[in-house]
Amino acid sequence: MCGIFGVIGSREVSPLIIDGLRKLEYRGYDSAGLATIQKSNNKKFGELFTRKSKGKLINLSNLIKEKPIQGHLGIGHTRWATHGKPNEKNAHPHVDFTGQIAVVQNGIIENYRDLSKSLQPKGITLISETDTEVVPHLIGLEIENFLDKGHSDNGQILLSAVQKVLSLLEGTYSLAVIWSKAPDALVVARRQAPLVIGFGEGEFFCASDTPALVGFTRTFLPLKDHEVALLTPLGIELYDASGTRQHRAPSLLKGTELFADKRNFRHFMLKEIYEQPETAQLWIDRYLPSDSSSVNSFISPITKSTIDKIEQIQILACGTSRHAAMVGAYLLEQFAGVPTNVHFASEFRYSPPPVSPNTLTIGVSQSGETADTLAAIRMEKDRRDSINDPNFSFHQLGITNRLDSSLAREIDNVIDIGSGIEIGVAATKTFLGQMLSFYGLTLLFASHKQKRSTQEILNLSNDLRLIPKQLLDLIKKHDEFSKEIAHMFVDTKDVIFLGRGINYPIALEGALKLKEISYIHAQGYPAGELKHGPIALLDQNVPVLSIAVPGLVYEKVLSNSQEAKARDARLIGVAPSGPESEMFDHLFAIPQVSEWVSPLLTVVPLQLFSYHIAAHKGFDVDQPRNLAKIVTVE
Ligand code: F6R
């Protein structure tokens, strides 16, 4: 949530910051701002300039064209509002009472109310409604103290003042600070919200995420929690929380080059839907190569001895990742025979189940930065570490699309879903990648625990290998069909999605996609629940979308769909074509596949259906209102 980008060097920074922020806009896009420091003639001091605007980054970019600001040092921010409405006043950067210090922040300063009260006796009143604004004021006061004591290196003064103020802040945040009297210093800090430093040629960058560095540098250093860094045009100084200097080698960016290339697609979301066959093929080439006859060919980061110990699995995730986890839990329990629970990470934090022995905890997060998921995993680690019993040790596994994320850094064993960067805020190809990872884990557990015959395991592997081609055909077919029928649903207010068994999470995911991007109210239910309440909603104005795949619950879903039809609901089916499918008013025909692998296919028509309705309504599909791609606040 919120994107930070800063530069210090020898070039004009405003266009660089706008460029960096553009690649971070997926993190928040309700307002944006930037501040620069333009050096005075004696080069010792400078002057602070700020520009802010409500709405998307394009508004800020236009404002800067109209009213340019200069300087070789600057910080920028794209916001997802937490405290205070998205308007110009609340947009970052926030400036202190002297008008010389500017701060951009991501995260939440939880004790900002107390801190703002402490400023009142000093005659400082806040202009904005944000939690951030206390920070520049506190830094301003600390700087005054240092100046009174006769310190003279302004870069070091800024660093020390920030370090002092950080000790007062509670919450999770990353921030970047500049001061007009230190025109060669940019100070950055991190506490549980991501921040990386980029190493350019004669210039340094700070950014909330590595893709923002693409085009500037490939060399970067992620800050660790509680670290603070001073960036100057000559180099960086890195310190831990105790103020001890740290030395770490930077890393090289991998695989983010394709960032922000929409190719010929109208939206990133559509492009990402089309990339799913490739996501699946890459996953199969990597984890389930066809030349392998071994049923154990899923390459796992967990050792056999750990698998042998595991008696149950708990999965922590949010949103779409949780839906992938639910498909995973179904597979792990029903195919591999391992008891598995899925938790909302945000709920688990405050109501965890009693600690169970020999449990594998899996965190699923495409971004690897979701605050709730990270906090739930940390909490689980702490409570297990506090029990001095090897049976209760913390066995951990992460499933993520970002190997450079906090999740990947904090968890020892990680499955890289390798979907390539996803820009559309509504997750599509990463959902597929997450589900595939669970298929891999299922094969692994089923074979190690000998819960399935070799033939059953081979059948599932072979069915998975057919998925890329089936996806390709399905996307081509249903892109056109969804476009054709989308106009019939643009005025719809509510849609019910039904699924059962392994396709119940797909009903939830279909409903989530529709809500997110088309703002149509949609609810997913296990089909059997329809008669226990939701059926009261049905009439000719409430369409029902049913996912009916031949297998264990096929007939049941068809009967539940008939019950909806009898209440005049328009029926949309995601099912193989045949006599049974004639009941549907609109049919997204899918191939006849084993029920086990069906979620990998049934989700695709739902993604396309939501996409085309939203596109037809003229909505900003890639950046839906009120949402952000990375949710780094609780
Ligand atoms: C929906 C969506 C969100 C995320 C959720 C968790 O399209 O993208 O529901 O799935 O915010 O995000 P990650 O997977 O990054 O932890």
Side-chain angles (χ1 to χ4, degrees), residues 2-25 27-28 31-40 43-53 57-79 88 91-96 98-106 132 135-136 139 154-155 158-159 162 174-189 195-209 212-213 215-217 220 229-236:
C2 301
I4 292 177
F5 193 80
V7 192
I8 184 161
S10 52
R11 294 193 272 172
E12 280 303 327
V13 293
S14 299
L16 309 182
I17 293 174
I18 294 288
D19 195 16
L21 289 180
R22 193 168 290 125
K23 297 173 207 153
L24 292 173
E25 211 182 0
R27 301 176 68 88
S31 52
L34 74 79
T36 60
I37 288 174
Q38 188 176 4
K39 277 187 183 170
S40 55
K43 310 252 185 236
K44 228 178 137 208
F45 298 136
E47 202 178 335
L48 181 74
F49 294 93
T50 59
R51 297 283 183 268
K52 299 180 188 192
S53 63
L57 188 64
I58 186 75
N59 298 347
L60 179 68
S61 171
N62 290 338
L63 178 69
I64 289 189
K65 277 183 203 137
E66 272 168 43
K67 294 183 180 172
I69 50 176
Q70 264 92 43
H72 296 170
L73 165 62
I75 52 178
H77 188 266
T78 174
R79 179 168 187 246
E88 210 181 301
H92 299 214
H94 290 284
V95 175
D96 78 318
T98 66
Q100 296 175 348
I101 297 159
V103 172
V104 288
Q105 180 230 334
N106 170 28
T132 310
V135 181
I139 296 173
N154 283 358
L158 180 62
L159 172 68
V162 172
S174 55
L175 46 86
V177 189
I178 54 176
W179 176 31
S180 61
K181 294 212 166 144
D184 287 321
L186 167 59
V187 176
V188 296
L195 200 76
V196 298
I197 296 173
F199 293 63
E201 288 176 4
E203 56 192 3
F204 291 87
F205 306 86
C206 66
S208 296
D209 199 357
L213 299 176
F216 296 118
T217 176
F220 75 103
L230 169 66
L231 282 57
T232 74
L234 302 177
I236 72 156

For [X] and [Y], which heavy atoms make the closest approach, and how far apart are they?
X	Y	answer
Ala35	Leu48	CB-CD1, 4.1 Å
Ala102	Pro93	CB-CB, 4.1 Å
Val103	Leu175	CG1-CB, 4.5 Å
Gly155	Leu230	O-CD1, 4.0 Å

Side chain to side chain, [X] and [Y], heavy atoms closer than 4.5 Å:
X	Y	result
Ser174	Asn106	yes
Phe5	Asp19	no
Phe199	Phe204	yes

Rounded distance (nearest 0.5 Å) linking atom [atom1] of [X] with atom [atom2] of [Y]:
X	Y	atom1	atom2	answer
Trp179	Asp96	CH2	CG	10.0 Å
Ile139	Ile101	CD1	CD1	6.5 Å
Asn59	Ile64	CG	CD1	11.5 Å
Glu47	Lys39	CD	NZ	15.0 Å
Leu63	Ile58	CG	CD1	11.5 Å
Thr50	His94	OG1	NE2	10.5 Å

Q) Taking it one step at a time, do Leu158 and Asn154 satisfy side chain to side chain contact (heavy atoms under 4.5 Å, CB included)? A) CA-CA 6 Å; Leu158 180 62; Asn154 283 358; over 6 Å; no
Q. Who are the salt bridge (Lys or Arg N to Asp or Glu O under 4.0 Å) partners of Glu203, not counting sequence neighbours?
A.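 Here the qualifying residues are Arg11.
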Verify, without hydrogens or angle tests, whether [X] (side chain) and [Y] (backbone) share a donor-acceptor contact under 3.5 angstrom.
X	Y	result
Thr232	Asp184	no
Thr78	Gly28	yes
Ser208	Gly3	no

Review item, side-chain donor-acceptor pairs of residues 67-77, under 3.5 Å, at least two apart:
unit_1 : atom_1 : unit_2 : atom_2 : d
His77  : NE2    : His92  : ND1    : 3.4
His77  : NE2    : Gln105 : O      : 2.7

Q | Stepwise side chain to side chain contact (heavy atoms under 4.5 Å, CB included) test for Arg51 and Ser14 | A | CA-CA 10 Å; Arg51 297 283 183 268; Ser14 299; over 6 Å; no
Q) Of all residues at least two apart in sequence or in a different chain, which pass the ring pair (Phe, Tyr, Trp, His ring centres under 6.0 Å) check with Phe49? A)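 Here no residue qualifies.
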